[in-house]
Amino acid sequence: MHFSKMLIPTLREVPADAEAASHVLMLRAGYVRQLASGLYIYLPLGIRVMEKINRILREEMNAIGAQEITMPVLHPAEVWQETGRWSEIGDEMFRLKDRTGRDMCLGMTHEEIMTWLAVREIRSYRDLPQVWYQIQEKLRDEARPKSGILRTREFLMKDSYSFDADEEGLEKNYKLHADAYHKIFSRCGLDFFMVQSDPGMMGGATSHEFMAPSPAGEDDVVFCDVCGYAANVELALSNPEKIEIMEWEFEDVHTPEKRTVGEVSNFLKLRPEYFIKSLLLISDSGPLLALVRGDQELHEKKVNRIIGKHRPASKEEVREILGVEAGFIGPVNQKLRIIADACLQDGIYVSGANKPHYHSKGIRPGRHFTAEWHDITLAKKGDTCAKCNALIRIERVIEIGNIFMLGTKYSAPLKAFYLDEKGEEKPIIMGSYGIGPARIAAAAIEQNHDKDGIIWPKSIAPFGVEILPLNVKDAGTMKTTERVYNDLTAKGIEVLMDDRDERAGVKFKDADLIGIPIHIIIGEKNLKEGLIEIKDRRTKEIMKVKIEDTIEHIASSW
RNA sequence: CGGGGCGUAGCGCAGCCUGGUAGCGCACACGGUUCGGGACCGUGUUGUCGAAGGUUCAAAUCCUUUCGCCCCGACCA
């Protein structure tokens with residue numbers, strides 16, 4: 001491919017709207033352009049990268065017996081109404097009506113439609129298992145598109161769905177997908193790992209996410225380097241730092257105008273770890289008190305799993321329900337249901353005395369109050385592993401893939417049943433598995449770039465080699481360039497030739513920005529000695545090689 | 001949806017506070033010199049100042065409304 005014939009609009013300056021490294025570099029190097037918030041145009045270089053990634057996806061999916069099909073992006077509402085998600089999902093779903101007034105939506109995922117197909121085409125246990133996948137656009141009206149192509153409103157997704165007769169079948173397909181995903185992300189040159197995750201609105205019991213470490217990510221993951229425990233902080237279990245137990249006697253202490261843990265802690269000269277933070281929550285079944293240690297944060301999703309939908313009470317509600325101002329509430333003598341973080345079972349604490357401007361010191365959990373004990377705090381630095389007690393690590397990551405065991409969540413309401421060997425009707429057991437190719441590309445850049453530009457892993461680079469003839473007006477240079485270009489092309493290596501009549505500096509800068517892993521530099525001085533240069537984009541090391549040995553050198557480093 | 005920031009030439013920005021003929025750099029066009037890390041000199045082209053309404057003799061600038069984009073948070077199959 002000739003550079004001069006390709007649309008590669010590189011930018012010298014950093015676009016004002018871009019923040020994340022991958023976003024800045026994809027714009028500057030001419031891979032994408034933004035149409036509107038969360039909507040991107042992929043330019044020729046961008047398409048090449050996406051196609052490289054998609055090819056790897058297809059190869060690995062086909063290798064586990066998955067079959068590619070395609071699904072419409074426009075869906076009738078009825079299918080989504082049958083599973084209840086039409087009403088469960090809010091503004092994130094793009095909805096519209098067709099000309100006859102029929103409710104429609106744009107597909108944000110395809111469980112319903114895949115199941116719809118399974119309902120019609122799978123009758124017998126003999127038809128199972130099946131794994132179907134597609135690489136198609138998904139549309140979601142994201143509350144906040146961000147970081148370039150990392151979170152967009154329209155995006156490509158490889159989504160596969162497994163259909164099995166029983167749980168063992170599902171587990172097998174789940175494992176096959178987990179293994180395939182490991183291969184896919186390794187082949188794409190990513191640093192990644194698999195963690196336990198919260199199934200969220202997908203439903204189902206077990207799910208894992210594949211995460212690529214990067215400061216541009218949106219999730220935090222807890223790791224234990226000792227036992228290997230890895231989980232999204234959305235559900236990660238951990239033990240807060242242990243504290244020395246103080247043998248205080250129970251007493252009420254005057255704490256005028258001191259309301260927050262910070263204020264009381266300063267006033268009494270006691271570390272926040274010795275406080276119980278009492279929070280009044282309003283759930284569907286009424287008000288209740290949630291207790292966490294003073295240095296901990298309540299984790300809403302964990303609480304959600306215990307009491308269902310809830311919200312924090314307003315200041316007025318606290319006064320109405322508990323009869324005291326928010327800063328002075330505590331667990332002692334409460335008639336409300338109390339859920340408390342498990343770490344509070346041990347120790348002696350300070351908390352609100354349930355009367356204005358007083359706190360109680362010497363509160364002994366179990367004696368002065370009782371509660372339902374759960375892990376309801378957000379895992380944080382300094383906590384120890386819930387499994388092996390080693391110190392945990394927290395890392396920021398980009399979610400690049402996920403796998404869910406769905407069970408019968410979709411097959412039951414949509415009536416996707418099959419007949420087993422005994423002629424009994426049973427629901428199909430399903431799994432769903434997603435990968436975002438654009439996130440692979442973005443994560444690859446986040447993990448592989450330097451101040452000069454992108455450094456693509458070979459497997460997903462838009463071209464294998466870029467040739468830089470420094471002076472296109474020199475006949476000798478161009479003769480050698482053509483020769484090398486043709487030889488490499490004949491070897492099946494994709495080559496970008498910078499045939500523009502530009503100064504050498506411009507070509508070097510653009511080549512570094514674009515990030516093709518190997519550059520072949522052809523200049524007049526070296527040519528006189530029969531040499532060309534091969535440069536490694538990552539290390540910037542340059543090797544001078546005889547013209548006739550070029551192909552061999554490239555091939556051997558492939 | 002809450003908080004913050006920004007919309008002026010293709011890109012990056014100044015001008016706004018204190019109203020008075022819209023600027024700078026890059027890019028682009030032409031001429032010349034240059035030619036291995038985003039060259040230099042000269043000449044030139046490019047704008048509904050996001051939009052609407054208002055105040056004023058006069059609005060990029062002040063006021064009101066509105067739209068868009070970015071960041072933080074909430075949310076995120």
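All chains are named by letter (A, B, ...) in the order of the sequence lines, taking the proteins before the strands, and each is independently numbered beginning at 1.
- Separating the P atom of C57(B) from that of A14(B) is a span of 32 Å, rounded to the nearest Å.
- The neighbour count for Glu541(A) CD, taken as heavy atoms of other residues, nucleotides or ligands under 6.0 Å away, does not exceed 12.
- Spacing of C1' atoms, G15(B) relative to U8(B), comes out at 9 Å, to the nearest Å.
- Nearest to the side-chain atoms of Glu142(A) among the listed nucleotides C69(B), C76(B), G12(B) stands C76(B).
- Checked against G12(B), G73(B), G36(B), the side chain of Pro15(A) finds its nearest nucleotide in G12(B).
- Separating the C1' atom of U21(B) from that of C17(B) is a span of 22 Å, rounded to the nearest Å.
- Protein atom CG of Leu470(A) is 7 Å distant from nucleotide atom P of G36(B), rounded to whole Å.
- Annotation: U61(B) and G50(B) have their P atoms spaced 8 Å apart (nearest Å).
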- prompt: Going through the distances and angles, do Tyr485(A) and His2(A) end up as a ring-ring contact (aromatic ring centres under 6.0 Å, His included)?
  reply: CA-CA 10 Å; Tyr485(A) 180 88; His2(A) 291 223; 5.7 Å; yes
- request: Under the side chain to side chain donor-acceptor pair (under 3.5 Å) rule, what do Ser197(A) and Ser207(A) come out as? Steps first, then yes or no, please.
  value: CA-CA 6 Å; Ser197(A) 74; Ser207(A) 68; 2.8 Å; yes
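- Pair assignment for G12(B) gives C24(B), based on Watson-Crick or G-U wobble hydrogen-bonding distances that are each under 3.5 Å.
- Across the protein-nucleic acid pair, Met157(A) atom CE and C76(B) atom P stand 16 Å apart, rounded to whole Å.
- Atom-to-atom, CD of Glu300(A) to C1' of A74(B) comes out at 9 Å; the value is rounded to the nearest Å.
- For the C1' atoms, the distance linking G36(B) with G32(B) amounts to 23 Å, nearest Å.
- Partners of Arg33(A) according to the salt bridge (charged side-chain N to carboxylate O under 4.0 Å, His left out) rule, which considers only residues two or more places apart in sequence or in another chain, do not exist here.
- Under the Watson-Crick or G-U wobble criterion, with both distances below 3.5 Å, G31(B) is paired with C41(B).
- Rounded to a whole Å, the NZ atom of Lys301(A) is 5 Å from the P atom of C76(B).
- Remark: side-chain polar atoms of Thr152(A) are not paired, donor with acceptor, to backbone N or O of Gly148(A) under 3.5 angstrom.
- For G19(B), there is no paired base (Watson-Crick or G-U wobble, both distances below 3.5 Å).
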query: Quick one: what's the B/S/- string for nucleotides 37-47 of chain B, heavy-atom cutoff under 4.0 Å, read 5' to 3'?
result: BBB--------
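- Two residues, Ala143(A) and Leu527(A), neighbour RNA chain B, and the one matched to the more 5' nucleotide by heavy-atom proximity is Leu527(A).
- Side-chain atoms of Arg153(A) come within 3.5 Å of backbone N or O of Ser37(A) as a donor-acceptor pair.
- Checking C62(B) for Watson-Crick or G-U wobble geometry (two distances, each under 3.5 Å) identifies G54(B) as its partner.
- Between the OH atom in Tyr433(A) and the CG atom in Leu406(A) there is a gap of 7.5 Å [rounded to 0.5 Å].
- With hydrogens and angles disregarded, a donor-acceptor distance shorter than 3.5 Å links the side chain of His299(A) to the backbone of Val233(A).
- Rounded to whole angstrom, the span from the CG atom of Asn232(A) across to the P atom of C75(B) amounts to 13 Å.
- G36(B) atom P lies 17 Å from atom CG of Leu531(A), rounded to whole Å.
- Listed nucleotides G12(B), G73(B), C69(B) differ in distance to Glu13(A); the shortest reach to its side chain belongs to G12(B).
- Side-chain atoms of Asp499(A) come within 3.5 Å of backbone N or O of Phe3(A) as a donor-acceptor pair.
- Taking 3.5 Å as the limit, the base of G36(B) and the side chain of Asn526(A) contain a donor-acceptor pair of atoms between them.
- Of the options Lys451(A), Lys535(A), Arg538(A), a salt bridge (charged side-chain N to carboxylate O under 4.0 Å, His left out) to Asp512(A) is made by Lys535(A) and by none of the others.
- Of the residues in residues 461-469 of chain A, not one comes within less than 4.0 Å of RNA chain B through any heavy atom.
- Rounded to whole angstrom, the span from the NZ atom of Lys525(A) across to the P atom of G36(B) amounts to 6 Å.
- Of the possible donor and acceptor atoms, none in the side chain of Tyr31(A) sits under 3.5 Å from a partner among the backbone N and O of His23(A).
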